[in-house]
Amino acid sequence: MRRPPQVLRGMRDFSPRQMLLRQRVIDSLRHVFERYGFDPIDTPLLEYYEVLAGKYGEEGEKLLYRFVDHGGREVGLRYDLTVPLARYVAVHRNELTLPFKRYHIGPVFRAERPQRGRYRQFWQCDVDIVGTRSMLADAEVLAVWCDALSTLRIPNAVVHVNHRQLLEALARAAGVDPALALPVYRAIDKLAKIGREGVREELMRAGVEPAAADRVLELIQLRGEPSEVISVVRQQLQDDPQAQRALDELAELFTYLAAYGVPSGSYVLDLSLARGLDYYTGPVAEVIVSQPAIGSLGGAGRYDHLIGLFLDEDIPATGASLGLERLVEVVDEYGLLPTPGTVTQVLVVAVEEGQQGAVLQLARSLRAAGLATEVYLGERRDLRRQLQYANRKGIPLAAIVGPDEVESGTVTVRDLGSGEQERVLVEKVAEVLRARLVSRAGGTE
RNA sequence: GUGCCUCUAGCUCAAUUGGCAGAGCGCUGGACUGUGGAUCCAGUGGUUACGGGUUCGAGCCCCGUGAGGCACCCCA
């Protein structure tokens, strides 16, 4: 037997069932996004390499797919949807009414080593608000996030919030130049994974004095009800004006978040949260889910100077991203969205070859009535084979036409799930099928 | 990008110290000429991921490549 070719590392095919599930998740997200007035946009998968270069930090840069096209252009596959948005805003600046709210759902590429929930091609689902510094925008983006997560009924998802400038204040508290603070952030971010002592060791290794390390540890261990954490940190960092400003912003953000009606249990202020992407400037957030050990479902944050890299003018922006594959992983794990293996709702079958004409005619009228209708196209069309096809494919209903039915102007409707069967007049078939589909859907929920 | 583990039929997995490559499920046909999913019977299944090496002999040992997984790094 001939060996079929493999797909590229970190890239996958999707079966009909998988695609139907992915589409359902995407549909839910789209509906949530649109309910807040975000409009869709799309951008090319390929950008000039220059557009992407220097936006993601040293580590991110290595993961960029980069090549020269046949015209000798240096190009790159998009790494996220945020930088393309910034480029889009720069290009279409004069057509946009600010604040500009858009959502964007599509594939991005990172040349990483694949793992569960981590692929080289994956989909991001982003909402962003461009053109306002107001914390109202940051709050709205997080409110949309929480709405999306609860719409999908994702269990145990918690939004961890922090502030970039608070992180820098921590680095200062540790006696490290903010510009050289990367190892400190890295250590801080591992708190949940390696624990207090682990972080302490790593801070020391980064050259932090023991006393400063203890002070940092004390701060990052604060987590929980935002207003309480904020007041404690406010005292601890009272000599740091930048930290005070960040705390003001966070206080405002959390006030709005509550006003948006986001349940207080779905987010925490977590001073140990660090995010790697270079472009973040203000509040940052991450959705973390405990159950499938998949890490974060999404990242969010304010980036007030990214768009300015493409323009003379600096335009502030904030946004949030969800990873489709990781959402689907959770949805799968908990069976949150039972998905059929086919879109087909009805198979119209002929008992004998003589009824084939009647079958095609019935199929046509069922399609006109809006039902996803199939006829069996195989060469051997005995009844058994056709029902077997319906069963294997997961088609819920069959409409059977035989000599008796033709003679009496009826159709036999068979429910493949229950095995129930009834004879109905041709004119009523669509109605009866629809009723059965509804009761099925109602029954399985 | 670094380290470790894995790869046997479409799927899930067996195969003694290196000695003829197996089972269940699936699939095909039949028991069943107007009824799928149950049961029974029969049949179909393989370059052991790919390429090389050692050996009288390799699924098993060695090297390389590819893919998957775990950790690191980083992140969605």
Side-chain angles (χ1 to χ4, degrees), chain A residues 1-12 15 56-64 79-82 105-126 145 157 182-183 185-186 189-190 193-194 202 273-278 280 284-289 292-301 320-330 347 349-355 376 380-406 412-421 423:
Chain A
M1 232 222 313
R2 208 162 135 195
R3 202 171 312 283
Q6 284 180 305
V7 296
L8 237 29
R9 167 172 253 201
M11 315 220 164
R12 313 180 286 164
S15 66
Y56 303 110
E58 211 175 308
E59 291 299 320
E61 194 87 8
K62 286 188 242 166
L63 305 179
L64 271 174
Y79 177 94
D80 67 4
L81 300 176
T82 307
I105 297 172
V108 302
F109 301 83
R110 296 183 189 178
E112 282 197 284
R113 204 113 155 214
Q115 262 173 64
R116 183 182 180 191
R118 171 189 280 198
Y119 306 95
R120 290 188 166 184
Q121 176 182 345
F122 62 96
W123 282 48
Q124 288 194 321
C125 313
D126 283 30
W145 244 18
L182 244 72
Y185 298 160
R186 217 174 283 150
D189 193 50
K190 287 184 191 164
K193 193 177 269 182
I194 63 178
E202 203 152 318
L273 173 69
R275 290 192 49 76
L277 296 183
D278 268 9
Y280 289 124
V284 290
E286 201 162 302
V287 203
I288 294 166
V289 68
I294 224 78
S296 86
L297 296 180
S321 177
L322 286 169
L324 179 65
E325 285 59 22
R326 292 185 179 180
L327 288 173
V328 167
E329 195 80 33
V330 177
L347 182 74
V349 311
V351 174
E352 296 163 3
E353 205 54 27
Q355 287 84 243
Y376 185 68
R380 295 175 58 182
R381 273 179 249 119
D382 50 289
L383 225 202
R384 148 181 289 271
R385 201 167 296 269
Q386 298 184 69
L387 288 172
Q388 197 176 63
Y389 174 78
N391 185 55
R392 286 195 187 155
K393 198 166 164 180
I395 300 172
L397 299 169
I400 303 168
V401 182
D404 299 349
E405 284 84 352
V406 169
T412 295
V413 170
R414 182 174 179 85
D415 188 316
L416 280 284
S418 63
E420 282 174 20
Q421 192 163 292
R423 278 284 266 283

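What you see is a predicted model, and the numbers here were worked out from it, not measured in a lab. Numbered from 1 within each chain, the chains take letters A, B, ... in sequence-line order.
- The interatomic distance linking Glu112(A) (CD) with rC75(B) (C1') rounds to 6 Å, in whole Å.
- With P as the reference atom, rC5(B) and rC61(B) are 12 Å apart, rounded to whole Å.
- Annotation: rC50(B) and rU33(B) have their C1' atoms spaced 50 Å apart (nearest Å).
- When rounded to the nearest whole Å, the span between NZ of Lys193(A) and P of rC75(B) equals 12 Å.
- When only modelled atom types and interatomic distance are considered, Tyr376(A) and Arg385(A) share no side-chain donor-acceptor pair under 3.5 Å.
- Nearest heavy-atom pair, Ile294(A) versus Leu297(A), reported as atom, atom and distance to 0.1 Å: CG2-CD2, 4.1 Å.
- Within the nucleic acid shown, Pro114(A) comes within 4.0 Å of sugar-phosphate atoms alone, with no base atom in reach, counting heavy atoms only.
- Between the CZ atom of Arg113(A) and the P atom of rA67(B) there is a distance of 10 Å, rounded to whole Å.
- The minimum heavy-atom distance between Leu63(A) and Tyr79(A), with the atom names listed, is CB-CE1, 3.8 Å.
- You cannot call Tyr389(A) stacked on the base of rG36(B); the centres under 5.5 Å and planes under 30° rule is not satisfied.
- Using P as the reference atom, rG46(B) and rU8(B) are 15 Å apart when rounded to the nearest Å.
- The distance from atom CD of Gln388(A) to atom C1' of rG34(B) is 16 Å, rounded to the nearest whole Å.
- Residue Gly394(A) is out of contact with every strand shown, counting any heavy-atom pair closer than 4.0 Å.
- In this structure, CZ of Arg381(A) is placed 17 Å from C1' of rU33(B), rounded to the nearest angstrom.
- Residue Tyr185(A) contributes atom OH, which lies 19 Å from atom C1' of rC73(B) at whole-angstrom precision.
- Counting any heavy atom pair closer than 4.0 Å across all strands shown, Arg392(A) reaches sugar-phosphate atoms only and no base atom.
- Distance Leu182(A) CG to rC74(B) P: 8 Å, rounded to the nearest Å.
- If you measure from atom OH of Tyr280(A) to atom C1' of rA76(B), you get 10 Å, rounded to the nearest angstrom.
- Within 4.0 Å (heavy atoms only), Gln124(A) reaches sugar-phosphate atoms of the nucleic acid but no base atom.
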Let me check I have this right: for RNA chain B, each base becomes ., (, ), [, ] or |, based on Watson-Crick or G-U pairs with both distances under 3.5 Å. What is the full string?
(((((((..((((.....[..)))).(((((.......))))).....(((((..]....))))))))))))....

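- At a threshold of 4.0 angstrom between heavy atoms, the contacts of Gln421(A) include nucleobase atoms, whether or not backbone atoms are also involved.
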